[in-house]
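Encoded as structure tokens, the structure appears first; notes follow it.
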Amino acid sequence: MPAPTALITGITGQDGSYLAEYLLSLGYRVVGMTRRSSTDVHERLEHLLEKIELVSGDLLDQNSMTTLIADIRPREVYNLAAQSFVPTSWTQPVLTGEFTGLGVTRMLEAIRHVDSKIRLYQASSSEMFGKAVEVPQSETTPFYPRSPYGVAKVYGHWITVNYRESYDMFACSGILFNHESPRRGKEFVTRKISHGVARIKLGLAKTLPLGNLDAKRDWGFAGDYVKAMWAMLQQDSPDDYVVATGHTHSVRDFARLAFAAVDLDWQDYVTQDPQFMRPAEVDLLIGDPSKAKRVLHWEPETSFEQLVQMMVEADVQRLRVLQAR
Ligand code: NAP
Ligand code: F7E
């Protein structure tokens, strides 16, 4: 049998790189959609460039997506591409709606026109729960998004459900809670902290300015979460799943552990800066992953403590290498 083909949008992002590694390990042909850029720096993919194929396309361009699906004829599509940084969604709300919301419809339309049997994974988010109406949040918890990003993801979620029900498509929505790694963008709070800790430890910075230290998130490891994405597309029927650890921690907890990992006291370095506060905050997220555990046989394998340690060690190591040059 020929190797199955998977198309990943957002392959240059954190999750895209881990998913590409995982699918390659399962024997897939992996094709990644990237948007046109004046540089070809794909820092998260450098170690994979010989093993994957990159093709050009953009979530804003229907024709590029339909043509790609028709040319590649994947068995599975993983739609990870999005404007994914919550603060940017307030400064660029229309663009966020175009990428993160309408981009999903464009992908669904492309699949429907070419071959409605192609299986789709849509990257939905715990940000859809926002001002959460119940604790913990499960597949049946009503949505109450608190940012233009969250609103766009709610649209992406429901259009996925709608196409599944309207056209009998194999379209799944994975409602993933925050997942992090040494490949996380430096603007997200976990990586901002691990990178900041490494800079302070190596004498490159003196303080780490943060926003709301009381916000609580259900943080897992991205390398674990991409396995749930794949498992959703191997089921007999399409469905939606919460993917989370079931544990929650505050930003303060993350900072405390991250500084402790290099024998420093977070209180000596962390400052609070109003510029990192949000117009509307998501105070507490904690997911109930029991459906994913029961149906997908998925389990998070990395603890919160291991995640913090892994991220700090990776940033210290990376900066040491740079300093030695
Ligand atoms: P990320 O690191 O920010 O990556 C986003 C990806 O989307 C990048 O590859 C980016 O390409 C691509 N992209 C953005 N706009 C595009 C466009 N117009 N056309 C084509 N590609 C475009 O995000 P991530 O953390 O890997 O997350 C993956 C997905 O899961 C996102 O949809 C995110 O919203 C969602 N999600 C993430 C989490 C989490 O905790 N990480 C939780 C729930 C849901 P460039 O490299 O060209 O910018
Ligand atoms: O913020 C607080 C901030 O930007 C987490 C995306 O992947 O996960 C991510 O969205 C919390 C918030 O992630 C700073 O106010 C404090 O309460 O790391 P974040 P996020 O907004 O939860 C979801 C599931 C997604 O889907 C998104 O795509 O940390 N916080 N101080 C800070 N946040 C940042 N960024 N920077 C600070 O200085």
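All residue numbers in this chain count up from 1 along the given sequence. First listed ligand is number 1; within each ligand, the first listed atom is number 1.
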In the protein, what heavy atom is nearest to [atom], and what distance, to one decimal place, separates them?
{"atom": "atom 26 (O) of ligand 1", "result": "Asp15 N, 2.8 Å"}
{"atom": "atom 4 (O) of ligand 1", "result": "Gly13 CA, 3.4 Å"}
{"atom": "atom 43 (C) of ligand 1", "result": "Leu176 O, 3.2 Å"}
{"atom": "atom 6 (C) of ligand 1", "result": "Gly10 CA, 3.6 Å"}
{"atom": "atom 42 (C) of ligand 1", "result": "His179 CE1, 3.2 Å"}
{"atom": "atom 30 (O) of ligand 1", "result": "Ala123 CB, 3.4 Å"}
{"atom": "atom 8 (O) of ligand 2", "result": "Asn178 ND2, 3.1 Å"}
{"atom": "atom 2 (O) of ligand 1", "result": "Gln14 N, 3.0 Å"}
{"atom": "atom 35 (N) of ligand 2", "result": "Glu187 O, 2.9 Å"}
{"atom": "atom 47 (O) of ligand 1", "result": "Arg35 NE, 2.9 Å"}
{"atom": "atom 1 (O) of ligand 2", "result": "Arg278 NH2, 3.3 Å"}

> Got an N/O contact under 3.5 Å between Val189 and ligand 2?
Replying inline: yes

> Looking at Phe99, which atoms of ligand 1 are within less than 4.0 Å of one of its heavy atoms?
Replying inline: 15 (N), 18 (N)

> Against heavy atoms of Asn178, which atoms of ligand 1 measure under 4.0 Å?
Replying inline: 40 (O)

Numbering the atoms of ligand 2 from 1, which are under 4.0 Å from a heavy atom of [X]?
{"X": "Ser84", "result": "6 (C), 27 (C), 28 (O)"}
{"X": "Val86", "result": "10 (O), 21 (O)"}
{"X": "Lys192", "result": "37 (C), 38 (O)"}
{"X": "Tyr149", "result": "25 (C), 26 (O), 27 (C), 28 (O)"}
{"X": "Leu210", "result": "31 (N), 38 (O)"}
{"X": "Gly211", "result": "14 (C), 16 (C), 31 (N), 38 (O)"}
{"X": "Glu281", "result": "3 (C), 12 (C), 15 (O), 17 (O)"}
{"X": "Phe85", "result": "4 (O), 35 (N)"}

>> Checking Lys291 against Asp239 for the salt bridge (charged side-chain N to carboxylate O under 4.0 Å, His left out) test, could you report, in this order, the C-alpha distance in whole Å, the side-chain angles of both residues, the deciding distance, and whether it holds?
In response: CA-CA 11 Å; Lys291 181 176 171 186; Asp239 208 342; 3.1 Å; yes

Okay, side chain of [X], backbone of [Y]: is any donor-acceptor separation there less than 3.5 Å?
{"X": "Gln235", "Y": "Met232", "result": "no"}
{"X": "Thr248", "Y": "Leu285", "result": "yes"}
{"X": "Trp219", "Y": "Leu307", "result": "no"}

> Do the side chains of Arg252 and Trp266 get nearer than 4.5 Å, heavy atoms only?
Replying inline: yes

> Would you say Thr9 touches ligand 1, if touching means a heavy atom closer than 4.0 Å?
Replying inline: no

>> Looking at ligand 1, is there an atom of it that comes within less than 4.0 Å of some heavy atom belonging to Met33?
In response: yes

>> More than 12 heavy atoms of other residues, nucleotides or ligands under 6.0 Å from CZ of Arg318: yes or no?
In response: yes

> More than 12 foreign heavy atoms under 6.0 Å from CD of Glu43: is that the case here?
Replying inline: no

> Using the benzene-type ring in the case of Trp, are the ring centres of Phe129 and Tyr144 under 6.0 Å apart?
Replying inline: no

> Which pair of non-hydrogen atoms, one from Arg44 and one from His47, has the smallest distance, and what is that distance?
Replying inline: O-CE1, 3.1 Å

> Side chain or backbone of Arg217 under 4.0 Å from ligand 2, or both, or neither, by non-hydrogen atoms?
Replying inline: side chain

>> Please classify the Arg184 to ligand 2 contact at 4.0 Å (heavy-atom distances, strictly less than): side chain, backbone, both or neither.
In response: side chain

If we only count N/O pairs under 3.5 Å, is [X] in contact with ligand 1?
{"X": "Leu59", "answer": "yes"}
{"X": "Leu80", "answer": "yes"}
{"X": "Thr12", "answer": "yes"}
{"X": "Tyr149", "answer": "yes"}
{"X": "Arg44", "answer": "no"}

Is there a donor-acceptor contact under 3.5 Å linking the side chains of [X] and [Y]?
{"X": "Glu76", "Y": "Gln234", "value": "yes"}
{"X": "Ser17", "Y": "Arg183", "value": "yes"}
{"X": "Glu313", "Y": "Gln317", "value": "no"}
{"X": "Ser250", "Y": "Asp253", "value": "yes"}
{"X": "Thr96", "Y": "Gln83", "value": "yes"}
{"X": "Glu109", "Y": "Thr66", "value": "no"}

> Which of these passes side-chain contact (heavy atoms from CB on, under 4.5 Å) with Ile11: Leu80, Val30, Leu48, Leu19?
Replying inline: Val30

Nearest to [atom] by heavy atom, [options]: which?
{"atom": "atom 29 (O) of ligand 2", "options": "Leu208, Thr190, Val251", "value": "Val251"}
{"atom": "atom 26 (O) of ligand 2", "options": "Ser89, Gly13, Ser125", "value": "Ser125"}
{"atom": "atom 14 (C) of ligand 1", "options": "Gly174, Ser84, Ala82, Ala81", "value": "Ala82"}
{"atom": "atom 25 (O) of ligand 1", "options": "Arg184, Glu187, Gln122", "value": "Arg184"}

>> At under 4.0 Å between heavy atoms, is it the side chain or the backbone of Lys153 that contacts ligand 1, or both, or neither?
In response: side chain

> Using a heavy-atom cut-off of under 4.0 Å, does the side chain or the backbone of Ser124 touch ligand 1, or both, or neither?
Replying inline: backbone

> Could you give the distance from CG (Leu60) to CZ (Arg35), rounded to the nearest 0.5 Å?
Replying inline: 8.5 Å

> Considering the options Thr105, Thr100, Thr160, which one meets the side-chain hydrogen bond (donor to acceptor under 3.5 Å, both in side chains) requirement together with Tyr155?
Replying inline: Thr105

>> Applying ring pair (Phe, Tyr, Trp, His ring centres under 6.0 Å) to Phe177 and Tyr225, what does each step give before you reach the verdict?
In response: CA-CA 9 Å; Phe177 282 61; Tyr225 283 36; 8.8 Å; no

> Cationic tip of Arg191 within the cone over Phe188's six-membered ring, i.e. under 6.0 Å and within 45° of the normal?
Replying inline: no

> Can Lys227 be said to sit on top of Tyr18's aromatic six-ring, NZ or CZ under 6.0 Å from centre and within 45° of the ring axis?
Replying inline: no

